[in-house]
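What follows is one structure encoded as structure tokens, with my remarks underneath.
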Amino acid sequence: MPNCKHNNKNKYIFSQNFLTNRRLIEKIVSLSTITKCDTVLEIGTGKGHLTGVLSQKCNFLFSIEIDEVLYHKSMIKLKKYNNIKLINEDFLNYSLPRKISYKVFANIPFSITTQLIDKLTKAPNPPDEMWLIVEKGAAKRFMGIKKETIKSLLLKPNWEIDIIFHFRRDDFHPKPSKDSVLLHFYRKHIPDIAESEFGAYKKFIEQSFKYGFFKKKSLLTKKQIATVLKLAELPSISKDGVILYIQWLCLFRCYINFIEKQKM
């Protein structure tokens, strides 16, 4: 997971934390569903250790590397593989596949994790699945562990998200300052929120976080919240104010079906 910053030319400079242990790389790749039928996208070729293993598991691999030195070294190291296309480009400017299905496996930069995940999950043709090595704290925020976040609530209607592997810091070279995990994203075949309603759902979530529930500007009254959760046979909101994802979905449905329709 490279740490990145900008130089005077506004280009990324990466301080990479490489995975080089082949046994470990084979282990984490084996946790994926990648097969010889799949096209895979890798973000950050690095020294090519993960790239080589991925190429042996998939049909074809696109690997994007921003660093010119690493790119040219990898071109030499990986030339024996005929199912890899190395691309020297900033992934944030890279055009994702528009017509083919694909999966993503990558050891990504901590400092632009949110930007990368936004690019992938909001793409017109998002990947079917993703396995991303990310900082553990960020993974918990994306999953809404302990408490849902705006980010987790906007991801969950379309994605199942799980931590499937915990790394040791000395698995990387050089050793990172934060714990890392392998985060798995699986795109739901049937989203919890229809595409036509997602804009309204996003607005509902953002306004609810801004104003809170049980307050003057709350989108739903305390009585409405209690009633709709009871009718749906869901637990009431806990005393500490933590709201489960399924409760958020239920409250959104109430808001759309009753409150918004009354305004029409």
>> Checking L219 against Y211 for the side-chain contact (heavy atoms from CB on, under 4.5 Å) test, could you report, in this order, the C-alpha distance in whole Å, the side-chain angles of both residues, the deciding distance, and whether it holds?
In response: CA-CA 8 Å; L219 297 176; Y211 299 119; 5.6 Å; no
>> Using the rule given for side chain to side chain donor-acceptor pair (under 3.5 Å), can you reason through T33 versus E129, listing the C-alpha separation, both sets of side-chain angles and the distance that settles it, and then say yes or no?
In response: CA-CA 9 Å; T33 61; E129 291 184 78; 2.6 Å; yes
> After noting the C-alpha distance and the side-chain angles of K79 and L86, does the key distance pass the side-chain contact (heavy atoms from CB on, under 4.5 Å) rule?
Replying inline: CA-CA 10 Å; K79 64 181 181 180; L86 299 181; over 6 Å; no
> Going through the distances and angles, do L229 and Q247 end up as a side-chain contact (heavy atoms from CB on, under 4.5 Å)?
Replying inline: CA-CA 7 Å; L229 291 178; Q247 292 173 314; 4.1 Å; yes
> Would K85 and E42 satisfy salt bridge (charged side-chain N to carboxylate O under 4.0 Å, His left out), going step by step from the backbone distance to the final call?
Replying inline: CA-CA 10 Å; K85 181 176 182 180; E42 180 190 22; over 6 Å; no
>> For L132 and V104: C-alpha separation, side-chain torsions, deciding distance, then whether side-chain contact (heavy atoms from CB on, under 4.5 Å) applies.
In response: CA-CA 8 Å; L132 305 175; V104 174; 3.9 Å; yes
>> Applying salt bridge (charged side-chain N to carboxylate O under 4.0 Å, His left out) to E26 and R22, what does each step give before you reach the verdict?
In response: CA-CA 6 Å; E26 289 177 343; R22 187 174 180 86; 3.0 Å; yes
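Under the 3.5 Å distance criterion, the side-chain polar atoms of T227 are left unmatched by any main-chain donor or acceptor of Q224. Between the side chain of N158 and the backbone N or O of P191 there is no donor-acceptor pair closer than 3.5 Å. Checking side-chain atoms of S180 against main-chain N and O of I133 turns up no donor-acceptor pair under 3.5 Å. Checked by atom type and distance alone, the side chain of D38 never pairs as donor or acceptor with a backbone atom of V40 at under 3.5 Å. In this structure, N107 contributes its side chain and N17 its backbone to a donor-acceptor pair below 3.5 Å. The backbone N or O of Y71 sits nowhere less than 3.5 Å from a side-chain atom of E65 that would complete a donor-acceptor pair. Listed for the S238 side chain is a donor-acceptor partner under 3.5 Å among the backbone atoms of V242. Formation of a donor-acceptor pair under 3.5 Å by the Y102 side chain with backbone atoms of N125 is found in this model. Counting only distance, with no hydrogens or angles, the side chain of D162 and the backbone of I164 share no donor-acceptor pair below 3.5 Å. Between the N93 side chain and the D90 main chain, no donor and acceptor come within less than 3.5 Å of each other.
The aromatic ring centroids of F198 and Y201 lie less than 6.0 Å from each other. For F209 and W248, the ring centers are positioned less than 6.0 Å apart. Taking the six-membered ring for Trp and the full ring otherwise, the centers of F172 and F167 sit less than 6.0 Å from each other.
Enclosure of atom NE2 in H173 is not indicated, since only 12 or fewer non-hydrogen atoms of other residues, nucleotides or ligands lie within 6.0 angstrom. Counting non-hydrogen atoms of other residues, nucleotides and ligands closer than 6.0 Å to NZ of K188 gives a total above 12. The number of heavy-atom neighbours closer than 6.0 Å to CD1 of I246, taken from other residues, nucleotides and ligands shown, is 12 or below. The neighbour count for K140 NZ, taken as heavy atoms of other residues, nucleotides or ligands under 6.0 Å away, does not exceed 12. Residue K151 places its NZ atom among more than 12 non-hydrogen atoms of other residues, nucleotides or ligands, all under 6.0 Å distant.
Atoms CG and CD1, on L61 and I84 in that order, are 5.5 Å from each other to the nearest 0.5 Å. Distance CE/M130 to OG/S32: 14.0 Å, rounded to 0.5 Å. Summarising the geometry, atom CD1 belonging to I243 is positioned 12.0 Å from atom CG belonging to L249; distances are rounded to the nearest 0.5 Å. Here CG of N59 is found 12.0 Å from CD1 of I34. Values are rounded to the nearest 0.5 Å. Between atom CG of residue L120 and atom CG of residue L41 there is a gap of 7.0 Å, rounded to the nearest 0.5 Å. Atom NZ of K80 and atom OG of S55 lie 9.0 Å apart (nearest 0.5 Å).
Taking 4.5 Å as the limit, every side-chain heavy atom of T20 sits out of range of all side-chain heavy atoms of I25. In this structure, the side chains of E89 and I66 stay at 4.5 Å or more apart for every pair of heavy atoms. With a 4.5 Å cut-off on side-chain heavy atoms, T113 and E135 do not count as touching. Contact of the L50 side chain with the L19 side chain is not registered, since no non-hydrogen atoms from C-beta on lie closer than 4.5 Å. For the pair S236 and K230, the minimum side-chain heavy-atom distance is 4.5 Å or more. Between M143 and L183, the closest side-chain pair of non-hydrogen atoms falls below 4.5 Å.
For the side chain to side chain contact (heavy atoms under 4.5 Å, CB included) test, residues two or more places apart in sequence or in another chain that qualify with A200 are F252, I256. In this structure V228 satisfies the side chain to side chain contact (heavy atoms under 4.5 Å, CB included) test together with C250, L251, C254, sequence neighbours excluded. The side chain to side chain contact (heavy atoms under 4.5 Å, CB included) test applied to K36 returns no partner, not counting sequence neighbours.
The residues R187 and D128 are annotated as salt-bridged, a charged nitrogen and a carboxylate oxygen being separated by less than 4.0 angstrom. Remark: E206 engages K202 in a salt bridge, criterion side-chain N to carboxylate O under 4.0 Å. Using a cutoff of 4.0 Å between basic side-chain nitrogens and carboxylate oxygens, K175 and D170 are not scored as salt-bridged. We find that E148 and K156 are joined by a salt bridge, their nearest charged nitrogen and carboxylate oxygen being less than 4.0 Å apart.
Below 30°, between 30° and 60°, or above 60°: for Y186 and H189 the angle between ring planes is above 60°, a perpendicular geometry.
I145 and F185 fall within the same hydrophobic cluster, defined by Ile, Leu, Val, Met, Phe, Trp and Tyr side-chain heavy atoms under 4.5 Å apart, directly or through other members.
Looking at every heavy atom in both residues, S101 comes nearest to T39 through O-CB, 3.9 Å. Summarising the geometry of V134 relative to A139, their closest heavy-atom pair is CG2-CB, 3.8 Å, with the distance given to 0.1 Å. Residues T149 and R141 come closest through the heavy atom pair OG1-O, 3.0 Å. Looking at every heavy atom in both residues, T45 comes nearest to S63 through OG1-OG, 2.6 Å. In this structure, G48 and S74 approach most closely via the heavy-atom pair N-OG, 4.1 Å. Taking both residues in full, the closest heavy atoms of R169 and P176 are given as O-CD, 3.2 Å, listed atom of the first, atom of the second, then distance.
Screening W131, F165, F105, W159 for a ring-ring contact (aromatic ring centres under 6.0 Å, His included) involving H184 leaves a single residue, W131.
Annotation: cation-pi geometry satisfied between K47 and F18 (NZ/CZ under 6.0 angstrom from ring centroid, within 45° of ring axis). Because its NZ or CZ atom is both nearer than 6.0 Å to the ring centre of F91 and within 45° of the ring axis, K119 counts as a cation-pi partner of that residue.
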